[in-house]
Trainee: 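Encoded as structure tokens, here's the structure I'll be asking about.
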Amino acid sequence: MNINMSDIRKNSFVKTAIFLAVFLCFTNSNAQEYNNWLLGDGNILNFNTSPATVICNEIGSNTAYNNYTVSLSDDNGKLLLYGYYDNTTQASYVIKNSDKQEIVRVDNPNPRNVIACKLPQGGYCIAAVFQTGANYSGELYIYQFDKNAKLDNEYIYHNTNYSFFLDFLHFEDFVVLVSYRDNQIETYKLTSEKYVLWAISDLKLDKFLFLVTPSFDIEHTLDNTQIIATTYDIVYVLNFDKSNGKIKIAQKFENNKFRTMSFSPTDKYFLIIDDDKLKGFRYDKDFDFVLDNPDVIYDLPKNGYNVVCNQCWEMAVGVDNKIYIHEYTTNYLIVLDGIESENIKEEIIQCDCLKHGYFPRIPRMAKNQGCTAFAQFDNASVCYGEPLKVMLSGTAPFEVFYYLDGEAKSFKTDNMDYQMDNIPGKYNLIKVTDANGCNFLPINNNIAIIAPKLNKLTIKKQQ
């Protein structure tokens with residue numbers, strides 16, 4: 001990777017601040033798993049609304065929280081399970097159900113990481129690494145719950161040296177838990193019926209076994225083939241082999257600009273926050289983009305301080321496919337839509353109860369693994385009066401969202417080829433939803449132009 005910092009490309013996107021509810025409303029039941037984010041200050045970010053809204057002190061105002069929260073929702077988007085570090089009395093990690101009944105309590109833990117997921121056959125899983133006991137070794141805890149949030153099984157690996165490196169990879173029939181300890185990466189297959197070790201990869205990840213949990217971030221691609229893991233100034237790009245569960249190091253480099261990172265909703269861009277700016281790089285598996293040449297540059301609203309703090313930001317993709325960003329000292333969230341369409345829209349969610357709203361760790365998943373919805377234009381440019389059609393596939397009826405000269409619009413249709421109204425301008429397809437709630441975000445052949453009407457040419461004879 002070339003990390004030579006020089007002149008930044010001048011193809012920045014123009015910042016557009018819109019403080020209105022966006023017209024897109026995502027209702028796909030496959031996305032309900034993380035419909036409630038338990039933030040680090042004890043508030044909930046509720047995705048049952050569009051845009052998401054903050055529910056203040058939903059689970060109790062007398063509990064001290066931090067950045068080790070987890071939350072899971074049922075298929076209707078209702079908060080079903082949540083966990084947090086409680087140090088109001090005796091320090092403990094607690095997992096509760098929607099009735100606020102305690103299911104799990106681990107006394108005197110020092111959390112390194114906690115993540116959660118829904119299992120394909122039904123039920124849920126929460127995995128954590130805690131430092132417990134006098135030796136401060138990292139111990140792996142896995143809790144499996146049935147679809148009604150009742151604890152089914154627990155697996156605890158004592159007297160080991162697990163690090164903060166935990167991730168869930170979602171597949172059609174199982175979920176893979178990835179963990180790291182003692183210079184080896186372990187992968188486990190999880191279903192509702194069983195939990196088994198799949199593979200062990202002998203790898204040494206520098207700075208991944210600190211006694212004190214470092215600043216870190218972990219992301220993976222939607223197809224689960226690459227995991228990006230960072231701590232302090234070390235970045236690892238790891239390749240996951242879906243055929244055997246093995247993991248190899250693709251790249252390792254030193255850089256402190258990956259403190260806050262994410263993929264865009266469809267992996268078109270790899271995103272970081274650097275110098276109080278969102279920077280996006282066209283993603284490829286070789287990870288050979290140049291940091292001084294981003295494809296996207298977007299100025300983020302600042303808190304008024306003249307200090308750049310890359311590690312002070314949180315960033316994650318919401319279940320509505322928008323980018324949610326928070327700077328620790330502010331009482332508002334920044335929500336960016338259209339990051340992949342070259343027409344970024346910004347909205348602000350402000351709430352006085354927002355404080356240190358650390359986001360929960362949310363392992364990414366492909367929302368519609370069997371999705372067949374698709375949309376593209378049949379032409380890139382037509383003259384006025386000629387037909388411009390949107391070619392659709394999936395299960396009708398469809399709802400199509402697009403921009404016309406930057407203005408948000410939509411239409412519904414039962415037709416597989418829908419002819420646009422003959423209105424001159426630049427058209428940009430944003431999203432199509434079919435009858436199954438399957439969402440598709442067009443990237444190719446998603447921009448077209450209807451040229452202006454030409455006045456009839458007349459020839460005047462000279463007198």
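Just the heavy atoms: all of them, side chains too, but no hydrogens, waters or symmetry mates, feed the values below.
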Trainee: May I ask you to check whether over 12 heavy atoms, not counting those of D284, lie within 6.0 Å of atom CG?
Mentor: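 Check passes, neighbour count above 12.
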
Trainee: From R259 CZ over to K257 NZ, what is the distance, rounded to the nearest 0.5 angstrom?
Mentor: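 So the gap between those two atoms works out to 11.0 Å.
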
Trainee: Give a yes or no on this: more than 12 heavy atoms of other residues, nucleotides or ligands lie within 6.0 Å of atom NZ of K147.
Mentor: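 No, because the 6.0 Å sphere around NZ of K147 holds 12 heavy atoms or fewer from other groups.
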
Trainee: Classify the side-chain pair H326/E314 by whether it contains a donor and acceptor separated by less than 3.5 Å.
Mentor: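 No, no side-chain donor-acceptor contact under 3.5 Å.
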
Trainee: Yes or no on disulfide bond (SG atoms under 2.5 Å apart) for C56 and C353, after CA distance, side-chain angles and deciding distance?
Mentor: CA-CA 6 Å; C56 296; C353 66; 2.0 Å; yes

Trainee: Would you compute the distance between atom CG of L278 and atom CG of D299 and round it to the nearest 0.5 angstrom?
Mentor: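 One gets 10.0 Å once the value is rounded to the nearest 0.5 Å.
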
Trainee: Hey, can you tell me if Y143 and F145 have their rings parallel, tilted or perpendicular (30° and 60° cut-offs)?
Mentor: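 Judged by the thresholds at 30° and 60°, the geometry between Y143 and F145 is tilted.
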
Trainee: Could you go through the side chain to side chain donor-acceptor pair (under 3.5 Å) check for Q311 and T260 one step at a time?
Mentor: CA-CA 6 Å; Q311 65 269 29; T260 306; over 6 Å; no

Trainee: With a 6.0 Å cut-off on the ring centroids, do F281 and F270 count as close?
Mentor: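 Between F281 and F270, the centre distance exceeds or equals 6.0 Å.
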
Trainee: Sequence neighbours excluded, which residues qualify as ring pair (Phe, Tyr, Trp, His ring centres under 6.0 Å) partners of Y195?
Mentor: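 Applying ring pair (Phe, Tyr, Trp, His ring centres under 6.0 Å) to Y195 gives Y155, Y188.
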
Trainee: Quiz question: by atom type and distance under 3.5 Å, do the side chains of S71 and N36 form a donor-acceptor pair?
Mentor: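 The criterion, which ignores hydrogens and geometry beyond distance, is not satisfied for N36 and S71.
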
Trainee: Determine the sole option in E186, Q184, K246 for which the side-chain contact (heavy atoms from CB on, under 4.5 Å) test with S201 is passed.
Mentor: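 So the option named by the test is K246.
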
Trainee: Side-chain contact, heavy-atom cut-off 4.5 Å: F263 with V317?
Mentor: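 Side chain of F263 against side chain of V317, heavy atoms only: no contact under 4.5 Å found.
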
Trainee: Apply side chain to side chain donor-acceptor pair (under 3.5 Å) to the pair Y298 and E346, showing each step before the final yes or no.
Mentor: CA-CA 10 Å; Y298 189 86; E346 176 189 293; 2.9 Å; yes

Trainee: Compute whether any side-chain donor of one residue and acceptor of the other, for S341 and N343, lie under 3.5 angstrom apart.
Mentor: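 No.
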
Trainee: Measure the CG-CG distance between D233 and D206 for me, rounded to the nearest 0.5 Å.
Mentor: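 Taking CG in D233 and CG in D206, the distance rounds to 10.5 Å.
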
Trainee: Report yes if some heavy atom in the side chain of Q101 is under 4.5 Å from a heavy atom in the side chain of K96; otherwise report no.
Mentor: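 No; the side chains remain at least 4.5 Å from each other.
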
Trainee: Do the side-chain N and O atoms of N153 and Q144 include a donor-acceptor pair separated by under 3.5 angstrom?
Mentor: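 No pair is found: no donor N or O on one side chain lies under 3.5 Å from an acceptor on the other.
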
Trainee: Kindly determine whether N244 and W198 satisfy side chain to side chain donor-acceptor pair (under 3.5 Å), including the steps that lead there.
Mentor: CA-CA 8 Å; N244 57 24; W198 186 11; over 6 Å; no

Trainee: Among side-chain atoms of N43 and D41, is any donor-acceptor pair under 3.5 angstrom?
Mentor: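 A pair is found: one side chain offers a donor N or O, the other an acceptor, under 3.5 Å apart.
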
Trainee: Does atom NZ (K204) have a neighbourhood of more than 12 heavy atoms from anything else shown, all under 6.0 Å?
Mentor: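 Counting other residues, nucleotides and ligands, NZ of K204 stays at 12 neighbours or fewer.
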
Trainee: For the residue pair F253 and F287, does the interplanar ring angle fall in the parallel (under 30°), tilted (30 to 60°) or perpendicular (over 60°) class?
Mentor: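 Taking F287 first and then F253, their aromatic rings sit tilted (interplane angle of 30° to 60°).
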
Trainee: Heavy atoms, side chains only, cut-off 4.5 Å: are V178 and H220 in contact?
Mentor: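 Not in contact.
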
Trainee: Can you tell me if the gamma sulfurs of C117 and C125 sit closer than 2.5 Å?
Mentor: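 C125 does not pair with C117 as a disulfide (SG atoms not under 2.5 Å apart), so no.
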
Trainee: Side chains of L238 and F165: closer than 4.5 Å at any heavy-atom pair?
Mentor: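 When only atoms from C-beta onward are counted, F165 and L238 do touch, with a gap below 4.5 Å.
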
Trainee: Calculate, to the nearest 0.5 Å, the distance between atoms CG and CG belonging to L81 and N97 respectively.
Mentor: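 Atom-to-atom, L81:CG and N97:CG are 7.0 Å apart.
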
Trainee: Between K431 and T433, is any side-chain donor less than 3.5 angstrom from a side-chain acceptor?
Mentor: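 Short answer, yes.
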
Trainee: Test side chain to side chain contact (heavy atoms under 4.5 Å, CB included) on N428 and I430; report intermediate values, then the result.
Mentor: CA-CA 6 Å; N428 191 343; I430 301 302; 4.1 Å; yes

Trainee: Report yes if some heavy atom in the side chain of P360 is under 4.5 Å from a heavy atom in the side chain of I362; otherwise report no.
Mentor: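 Sidechains of I362 and P360: in contact.
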
Trainee: Does NZ belonging to K248 count more than 12 external heavy atoms closer than 6.0 Å?
Mentor: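 It does not: K248 NZ has 12 such atoms or fewer within range.
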
Trainee: Are a donor atom and an acceptor atom from the side chains of Y34 and K118 found within less than 3.5 Å of each other?
Mentor: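 Not at all, the side chains of Y34 and K118 share no donor-acceptor pair under 3.5 Å.
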
Trainee: What's the verdict on side chain to side chain contact (heavy atoms under 4.5 Å, CB included) for I227 and I247, showing C-alpha distance, side-chain angles and the deciding distance?
Mentor: CA-CA 9 Å; I227 302 172; I247 290 179; 4.3 Å; yes

Trainee: For S92, enumerate each residue passing the side chain to side chain donor-acceptor pair (under 3.5 Å) test, keeping only those at least two apart in sequence or located in another chain.
Mentor: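 Testing S92 for side chain to side chain donor-acceptor pair (under 3.5 Å), a comparison that skips the adjacent residues, returns R105, D107.
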
Trainee: Looking at Y68 versus Y85, is the centre-to-centre ring distance below 6.0 Å?
Mentor: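 No.
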
Trainee: Any non-hydrogen side-chain atom of L354 less than 4.5 Å from a side-chain atom of T330?
Mentor: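 Of all side-chain heavy-atom pairs linking T330 with L354, none is under 4.5 Å.
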
Trainee: Between W37 and N46, do the side chains contain an N or O donor and an N or O acceptor separated by less than 3.5 Å?
Mentor: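 Checked: W37/N46 side chains show no N/O donor-acceptor pair below 3.5 Å.
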
Trainee: Considering residues at least two apart in sequence or located in another chain, which fulfil the ring pair (Phe, Tyr, Trp, His ring centres under 6.0 Å) criterion with F130?
Mentor: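 Partners of F130 under the ring pair (Phe, Tyr, Trp, His ring centres under 6.0 Å) test: Y93, Y141.
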
Trainee: Can you confirm if the NZ or CZ of K322 lies within 45° of the ring axis of F47 and under 6.0 Å from the centre of its six-membered ring?
Mentor: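 Geometry flag: not set, cation outside 6.0 Å or 45°.
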
Trainee: Please report the shortest heavy-atom distance between R364 and D267, naming the atom on each side.
Mentor: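 Smallest heavy-atom distance, with atoms named: NH1-OD1, 2.7 Å.
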
Trainee: Calculate, to the nearest 0.5 Å, the distance between atoms CD1 and CD1 belonging to I185 and I200 respectively.
Mentor: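 Result: 11.5 Å between the selected atoms.
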
Trainee: Please state whether the rings of F164 and F208 are parallel, tilted or perpendicular, taking 30° and 60° as the class boundaries.
Mentor: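 If you compare the ring of F164 with that of F208, the planes turn out tilted.
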
Trainee: Say whether Q226 and T221, considering side chains only, have a donor N or O and an acceptor N or O under 3.5 Å apart.
Mentor: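 On atom types as modelled, these side chains do not qualify, holding no pair under 3.5 Å.
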
Trainee: If you measure only the distance, is there a donor-acceptor pair under 3.5 Å linking the side chains of T225 and K242?
Mentor: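 Short answer, no.
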
Trainee: Less than 4.5 Å apart, side chain to side chain, heavy atoms only: is that true for N239 and Q251?
Mentor: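 No. Closest side-chain heavy atoms not under 4.5 Å.
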
Trainee: Report yes if the side chains of L190 and F168 come closer than 4.5 Å at any heavy-atom pair, otherwise no.
Mentor: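 Contact flag for L190/F168 side chains = yes.
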
Trainee: Mind running side chain to side chain contact (heavy atoms under 4.5 Å, CB included) on L166 and V129 for me, showing each step along the way?
Mentor: CA-CA 8 Å; L166 289 179; V129 171; 3.8 Å; yes

